[in-house]
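Here is the structure we will look at, set down as structure tokens.
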Amino acid sequence: MTGVLERGPTTTEPVAGILSRVIGRAPSLRVEAFDGSTTGPPDAPVTLHIRSPRALARLVSAPGSLGLARAYVTEELDVEGDLYTALRAMADVTLHSIPRRDQLKLVRQLLPYWREHRMPPPDLEARPKGLLHSKNRDSQAISHHYDVSNRFYEFVLGESMTYTCAAYPDADASLEKAQANKYEIVATKLDLEPGMRLLDVGCGWGGMVRHAAAEHGVRALGVTLSREQAQWGQAAIEREGLAHLAEVRHLDYRDVPDGVYDAVSSIGLTEHIGKANIGSYFRAMQAKLRPGGRMLNHCITQPYKPDHRNTDPFIRRYVFPDGELEPVGTLVTAMNEAGFEIRHEENLREHYALTLRDWGANLERNWTDAVAEVGIGRARVWRLYMAACRLGFELNNIQLHQVLGVKLHDDKRSDFPLRGAHGAY
């Protein structure tokens, strides 16, 4: 952000000093404020610029990550240098929010700024209406995040158009290779063979559907609540000559007919359905499978930390409205109680940090075009969200688990080979 820096009400303490006590004094971080005050070394690799007193007013109304995010999205606060490095220096605030006692102290100090400069939250915040996790409200929440612009997602996701955790054979592998590797891991766990029928719920732009059809000769149906995803995915299927095997529909997973599939893949859907619906969700998936059919559930989870189980308020307002993360144990229990026998589970959290690293690099490389496509505010939301989530996975504040289950035959056969037959898991 450029232009003349604004001045706020007179206070007895420099703004940079107040903020430094909140975010910490890291040797890699410098703070420069609109009142001319500074803290931190002049040669720090990143500088936090408090451009406007409105940034402080936002911190009063929402101390912690949401207030900082609102100020960043509106350019009232900016970062010179690498945003990920800045967030790492401020990890206690950006990932855990500010302790209640410090919040009250901060509010008292910054109250004059709030009185003079308070503003409503940015228009980009999501506020879906209706009963939580009803079909209508879920459609609103999904549309807020996914019906942004297919072109924008192409800038961020790259050629694979895959918006879920990749699986890196090594840290230097390309994003496209890692995404293809992830799909192949899922296909191997599901033991996909030609002629099988696969249901991919929450299919995104159809990456798993197309991989299953092209690489394994599987008849695959993908469903998504995002109309733009469905249109893009179906067009890609037709471009790639896969229409005889694959299809993507704009459809709620609850409306898919039961009892016709050999396998179900759920890659990045469970985060959206809500804790109250987890049991019915897995029961519905189990009902759609033939005996011996497998389900692979791939989703973001939260480590079991009772004091930090709620979704971050910035993520909830700007990125995934109504999103709910559960510990993997909750999901395994729900799958088991729905009738699945659990056969394999693994945590890919380091892989998601690498995926977010590469998405962030794509966004920076295409920054000018991305801003032209969706506007500076939304582009900054994405820049902040991907850097913060990358850090979250690295620090084990969030995880990514794949859980594999099977629907047993009446005589309790699983149709699984002895361990080692496929090697991948």
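Just the heavy atoms: all of them, side chains too, but no hydrogens, waters or symmetry mates, feed the values below. From a predicted model like this one, the values you see are computed outputs, not experimental measurements.
No donor-acceptor pair under 3.5 Å is formed between the side chain of Asp255 and the backbone N or O of Leu251. Between the side chain of Thr355 and the main chain of Ala166, a donor-acceptor pair closer than 3.5 Å is present. Asp82 places a side-chain N or O within donor-acceptor distance of the main-chain N or O of Thr85, the cut-off being under 3.5 Å. Judged by distance alone, with hydrogens and angles left aside, the side-chain atoms of Asn366 form a donor-acceptor pair with the main-chain N or O of Asn362 at under 3.5 Å. Listed for the Arg219 side chain is no donor-acceptor partner under 3.5 Å among the backbone atoms of Leu245. The closest donor-acceptor contact from the side chain of His250 to the backbone of Leu225 lies under 3.5 Å. No donor-acceptor pair under 3.5 Å is formed between the side chain of Glu341 and the backbone N or O of Val406. In this structure, the side chain of Glu345 does not engage the main chain of Val403 through any donor-acceptor pair within 3.5 Å. Under the 3.5 Å distance criterion, the side-chain polar atoms of Ser37 are left unmatched by any main-chain donor or acceptor of Asp35. Not one N or O on the side chain of Asp78 forms a donor-acceptor pair closer than 3.5 Å with the backbone of Ile50.
Side-chain contact check for His216 versus His211: some heavy-atom pair is nearer than 4.5 Å. Side-chain contact between Lys189 and Arg294: absent, with no pair of heavy atoms (C-beta onward) separated by less than 4.5 Å. The shortest side-chain heavy-atom distance between Phe34 and Ser52 does not fall under the 4.5 Å cut-off. A 4.5 Å side-chain heavy-atom check between Leu384 and Leu87 finds at least one atom pair inside the cut-off.
Between Ala212 and Leu192, the closest heavy-atom pair is CB-CD1, 4.0 Å. The two residues Ser61 and Arg70 make their nearest non-hydrogen contact at OG-NH1, 4.0 Å. Residues Pro303 and Gln399 approach most closely at CG-NE2, 3.8 Å, considering heavy atoms. What you find for Pro41 and Pro27 is that their closest heavy atoms are CG-O, 3.3 Å. Minimum heavy-atom separation, Val209 to Cys203: CG2-CB, 4.5 Å. Heavy-atom minimum distance, Leu363 versus Ala379: CD2-O, 4.0 Å.
Put simply, CE on Met208 and NE2 on His298 are 11.0 Å apart, with the number rounded to the nearest 0.5 Å. Atom-to-atom distance recorded for Asp191:CG and Leu296:CG is 12.0 Å, nearest 0.5 angstrom. Distance check, rounded to the nearest 0.5 Å: OG1 of Thr330 to CE of Met335 gives 13.5 Å. Interatomic distance, Glu154 CD to Ser160 OG, rounded to the nearest 0.5 Å: 11.0 Å. For the atom pair Ile267 CD1 and Asn297 CG, the distance stands at 9.5 Å (nearest 0.5 Å). For the atom pair CG (Leu221) and CZ (Arg197), the distance works out to 7.0 Å, reported to the nearest 0.5 Å.
Between Tyr153 and Trp382, the distance separating the two ring centers is shorter than 6.0 angstrom. Not less than 6.0 angstrom separates the ring centroid of Phe155 from the ring centroid of Trp367.
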- For salt bridge (Lys or Arg N to Asp or Glu O under 4.0 Å), just list the numbers for Arg151 and Glu373, CA-CA rounded to whole Å, side-chain angles, deciding distance to a tenth of an Å, and then say yes or no. CA-CA 8 Å; Arg151 187 162 182 260; Glu373 181 69 17; 3.2 Å; yes
- Message: Is there a side chain to side chain contact (heavy atoms under 4.5 Å, CB included) between Leu59 and Leu68? Walk through the geometry before answering.
- Response: CA-CA 6 Å; Leu59 271 176; Leu68 289 170; 4.0 Å; yes
- Message: Walk me through whether Cys299 and Leu331 qualify under side chain to side chain contact (heavy atoms under 4.5 Å, CB included).
- Response: CA-CA 10 Å; Cys299 73; Leu331 301 177; 3.3 Å; yes
- Message: Determine whether Thr224 and Tyr253 satisfy the following criterion, side-chain hydrogen bond (donor to acceptor under 3.5 Å, both in side chains), listing intermediate values before the conclusion.
- Response: CA-CA 7 Å; Thr224 172; Tyr253 75 89; over 6 Å; no
- Could you give me the CA-CA distance, side-chain angles and deciding distance for Leu56 and Val15, then say whether side chain to side chain contact (heavy atoms under 4.5 Å, CB included) is met? CA-CA 9 Å; Leu56 305 182; Val15 169; 3.8 Å; yes
- Take Glu32 and Thr39 through the side chain to side chain contact (heavy atoms under 4.5 Å, CB included) test and state the conclusion after the steps. CA-CA 7 Å; Glu32 296 184 359; Thr39 63; over 6 Å; no
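There is a side-chain donor-acceptor pair under 3.5 Å between Tyr281 and Ser266. No hydrogens or angles considered: nothing links the side chains of Gln231 and Trp205 as a donor-acceptor pair under 3.5 Å. Side-chain contact annotation: Tyr352 with Thr164, donor-acceptor N/O pair under 3.5 Å absent.
A salt bridge links Glu364 to Arg383: at least one charged side-chain nitrogen sits closer than 4.0 Å to a carboxylate oxygen. Ion pairing between Lys182 and Glu184 fails under the 4.0 Å rule for side-chain N and carboxylate O. At a threshold of 4.0 Å, the pair Glu76-Arg51 does not count as salt-bridged, since none of the basic side-chain nitrogens sits closer than that to a carboxylate oxygen. Electrostatic pairing of Asp200 and Arg210 does not count as a salt bridge here, judged by no charged N lying under 4.0 Å from a carboxylate O.
Judged by the 6.0 Å distance and 45° axis criteria, Arg380 is positioned over the aromatic ring of Tyr72.
Ring geometry, Phe340 versus Phe282: the interplanar angle exceeds 60°, so the pair is classed perpendicular (tilted spans 30 to 60°). Using cut-offs of 30° and 60° on the angle between ring planes, the pair Tyr163 and Trp359 is tilted.
For the side chain to side chain contact (heavy atoms under 4.5 Å, CB included) with Leu400, the lone residue among Val328, Thr301, Ile300 that qualifies is Ile300.
Arg390 is linked by a side-chain hydrogen bond (donor to acceptor under 3.5 Å, both in side chains) to Glu394, counting only residues two or more places apart in sequence or in another chain. Applying the salt bridge (charged side-chain N to carboxylate O under 4.0 Å, His left out) test to Lys407 and every residue at least two apart in sequence or in another chain returns nothing.
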